[in-house]
Amino acid sequence: MAVIWNNKLKWHTGYSADSVEWCPIDGYRNVLVCGTYQLEKKDEVEQSSRQIRLGKIYLFIVNKDTTELCPIQTVDTSGILDQKWCYHTIQDYPVLAVVTSQGFIELYRLVQEGTISLKLWTNLSLGQDILALSVDWSTNKTPSAEPSLVVSDSLGGITVLKLIVDGLQKIGSWKGHNFEAWITAFNYWNTNTFYSGGDDCIFKVYDMRVSDDAVIVNRRHEAGVTTIRSHIEVEHQLLTGSYDEKVRLWDARNLRQSVTETEVNGGVWRLKFHPYKPTTILAACMYGGFRILRFEEQTLSVVCEYLEHESIAYGADWQFDEESLVATCSFYDCKLHIGQIIF
């Protein structure tokens, strides 16, 4: 049966768009954030000075009867590199983690005071002259009052933090990669374990209990490792994506060789499992547009593509709803799209 991608809504983001995330919290699953990144324009006199990266977080409410996208809030920030919602409330609030071009991790509460809005709760600097590139929560499967977060940065570093009361506490840091650490992510089934991928083409596994170094170093990727995703519903199942234009599915117990891999005709920036169809995957494939993949009979295959964006395909996410709505965004054309996947 054919899989169809029906576009429903489009919006121009102003700044270059690189991140979209639907809120997973029941009662807020119509909430969407879009993060952007833009170099500040300077005149010729100022060109020699350090470039400033600007950003905005756009907050949307998207219902079944929504006919036009319009943000209900715009938060001015430095450039946004990644965003992730916590999968459970913290102190009764949905919480969004954001990492920025100034090297900060910022946590925003989603509050309802007449209208819904994001309010900065707490933040922490990872250091000077670095970009914080990706972030993940430890508690996507098992809630905790004090969840951990892992952040990667432009100097190749990986930092693990714990949220304690109203602040972030640094638990440990690792020199993971010689170049940019594009991605880091937890194993949601064993949160002592986390992963990283870098521009040095290396995929690493760490265990906080036993070592200050990576416990596994995988060199199977043919270019920089850009995205990693642990499956919430299927233990040991893990995805990676790379600039080598391949999506790989792994058994986390044996990382010597992937279970299967497939070409997607573009560097793979983000991978997301469908929240209700565990064998279905959404992929943002940079210059190759967006893809829907399916894992069946130990094989990954592309079942649908979406090529309506006119620039680099960066952000992609499923709404936490059985209607299979997806949000996608692209960089230089500054576009946010909402579509529905018909299976």
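When ring centroids are compared, W85 and F320 stay outside the 6.0 Å threshold.
Considering every non-hydrogen atom in both W189 and I232, the closest pair reads CZ2-O, 3.2 Å. Across every non-hydrogen atom of A316 and A284, the tightest pair is CB-CB, 4.1 Å. Q257 and W250 get closest at one heavy-atom pair: C-CZ3, 3.5 Å. Between L118 and Q73, the shortest heavy-atom contact is N-OE1, 2.6 Å. Contact record, C329 with S19: SG-N, 3.4 Å, taken as the closest heavy-atom pair. Summarising the geometry of D244 relative to E222, their closest heavy-atom pair is OD2-N, 3.0 Å, with the distance given to 0.1 Å.
In this structure the side chain of I183 never reaches within 4.5 angstrom of the side chain of L133, judged on heavy atoms. Residues L69 and I338 are in side-chain contact: their nearest non-hydrogen atoms beyond the backbone lie under 4.5 Å apart. Within the 4.5 Å cutoff, the side chain of T36 has no heavy atoms near those of the I80 side chain.
Considering SG of C304 and CZ of R294, their distance stands at 10.0 Å, rounded to 0.5 Å. Atoms CD1 and OG, from I292 and S301 in turn, are 12.0 Å apart once rounded to the nearest 0.5 Å. Here L54 contributes atom CG and T100 contributes atom OG1; the two are 11.5 Å apart, rounded to the nearest 0.5 Å. Atom CZ of residue R229 and atom CG of residue L282 lie 11.0 Å apart, to the nearest 0.5 angstrom. Note: C34 SG to H337 NE2 = 11.0 Å, rounded to the nearest 0.5 Å. Atoms CG and CG, from L161 and L124 in turn, are 6.0 Å apart once rounded to the nearest 0.5 Å.
Under the 3.5 Å distance criterion, with hydrogens and angles disregarded, a donor-acceptor pair is assigned to the side chains of N190 and T193. Between the side chains of Y287 and N265, not a single donor N or O lies within less than 3.5 Å of an accepting N or O. Between the side chains of D200 and H177, at least one donor N or O sits under 3.5 Å from an acceptor N or O. Using modelled atom types and a 3.5 Å distance limit, the side chains of D199 and W182 yield a donor-acceptor pair. Judged purely by distance below 3.5 Å, without hydrogens or angles, the side chains of Q102 and R53 never pair a donor atom with an acceptor atom. For the residue pair S330/D333, the side-chain donor-acceptor check at 3.5 Å is satisfied. Between the side chains of W121 and D166, at least one donor N or O sits under 3.5 Å from an acceptor N or O. Between the side chains of Y108 and E106, at least one donor N or O lies within less than 3.5 Å of an accepting N or O.
Residues V95 and I57 do not share a hydrophobic cluster, defined by chaining ILVMFWY side chains whose heavy atoms lie under 4.5 Å apart. Following chains of ILVMFWY side-chain contacts shorter than 4.5 Å, one cannot reach L168 starting from F104, and the two form parts of different hydrophobic clusters.
Ion pairing between D207 and R209 holds under the 4.0 Å rule for side-chain N and carboxylate O. Electrostatic pairing of E322 and K277 does not count as a salt bridge here, judged by no charged N lying under 4.0 Å from a carboxylate O. By the 4.0 Å N-to-carboxylate-O rule, K272 lies close enough to D317 to be salt-bridged with it. Under a 4.0 Å N-O distance rule, the pair R248/E263 does not qualify as a salt bridge. In summary, K246 and E261 engage in a salt bridge, as defined by a charged side-chain N under 4.0 Å from a carboxylate O.
At least one donor-acceptor pair under 3.5 Å links the side chain of S242 to the backbone N or O of G224. Although no hydrogens or angles enter the test, the distance criterion places a donor-acceptor pair under 3.5 Å between the side chain of N218 and the main chain of L255. No donor-acceptor pair under 3.5 Å is formed between the side chain of N63 and the backbone N or O of D65. No side-chain donor-acceptor contact under 3.5 Å links T66 to the backbone of E68. No donor-acceptor pair closer than 3.5 Å links the side chain of Q38 to the backbone N or O of Y15. Judged purely by atom type and a 3.5 angstrom limit, D153 uses its side chain to pair as donor or acceptor with the backbone of G157. Of the possible donor and acceptor atoms, none in the side chain of Q83 sits under 3.5 Å from a partner among the backbone N and O of A97. No donor-acceptor pair closer than 3.5 Å links the side chain of W22 to the backbone N or O of N30. A donor-acceptor pair is defined here as one N or O able to donate and one able to accept, closer than 3.5 Å; no such pair exists between the side chain of T13 and the backbone of L336. For the pair T260 (side chain) and T299 (backbone), a donor-acceptor distance under 3.5 Å is absent.
H274 and Y276 have perpendicular rings, their planes meeting at more than 60° on a 0 to 90° scale where under 30° would count as parallel. Ring pair F203/H221 is perpendicular by interplanar angle, where above 60° counts as perpendicular and below 30° as parallel. The aromatic rings of Y37 and F331 sit tilted relative to each other, their planes meeting at an angle between 30° and 60°.
Both the sub-6.0 Å distance and the 45° axial angle are not jointly satisfied by K141 relative to the ring of Y188. The cationic atom of K204 (NZ for Lys, CZ for Arg) does not lie both less than 6.0 Å from the six-membered ring centre of Y195 and within 45° of the ring axis. Seen from the ring of W11, K335 does not count as a face-on cation partner, given the 6.0 Å and 45° thresholds.
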Q) Do D82 and R270 pass the salt bridge (Lys or Arg N to Asp or Glu O under 4.0 Å) test, and can you show the C-alpha distance, the side-chain angles, and the key distance before you say yes or no? A) CA-CA 10 Å; D82 195 20; R270 286 293 177 265; 3.6 Å; yes

Q: For Y58 and V75, run side-chain contact (heavy atoms from CB on, under 4.5 Å): C-alpha distance rounded to whole Å, both residues' side-chain angles, the deciding distance at 0.1 Å, then the answer.
A: CA-CA 7 Å; Y58 297 109; V75 180; over 6 Å; no

Q. Does the pair Q112 and Y28 meet the rule for a side-chain contact (heavy atoms from CB on, under 4.5 Å), with working shown?
A. CA-CA 11 Å; Q112 189 151 12; Y28 297 93; 4.0 Å; yes

Q: Would you check, one step at a time, whether the test side-chain contact (heavy atoms from CB on, under 4.5 Å) holds for L271 with V247?
A: CA-CA 9 Å; L271 293 166; V247 174; 3.8 Å; yes

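Other residues, nucleotides and ligands contribute more than 12 heavy atoms inside 6.0 Å of the NZ atom of K162. The 12-atom threshold is exceeded at NZ of K10, counting heavy atoms of other residues, nucleotides or ligands nearer than 6.0 Å.
With sequence neighbours excluded, the residues forming a side-chain hydrogen bond (donor to acceptor under 3.5 Å, both in side chains) with Y206 are S196, listed by chain and number.
Among I25, L96, L59, V33, the one residue that satisfies the side chain to side chain contact (heavy atoms under 4.5 Å, CB included) test with L110 is L59. Checked against H88 for a side-chain hydrogen bond (donor to acceptor under 3.5 Å, both in side chains), the options T139, D26, T142 give a single hit: T139.
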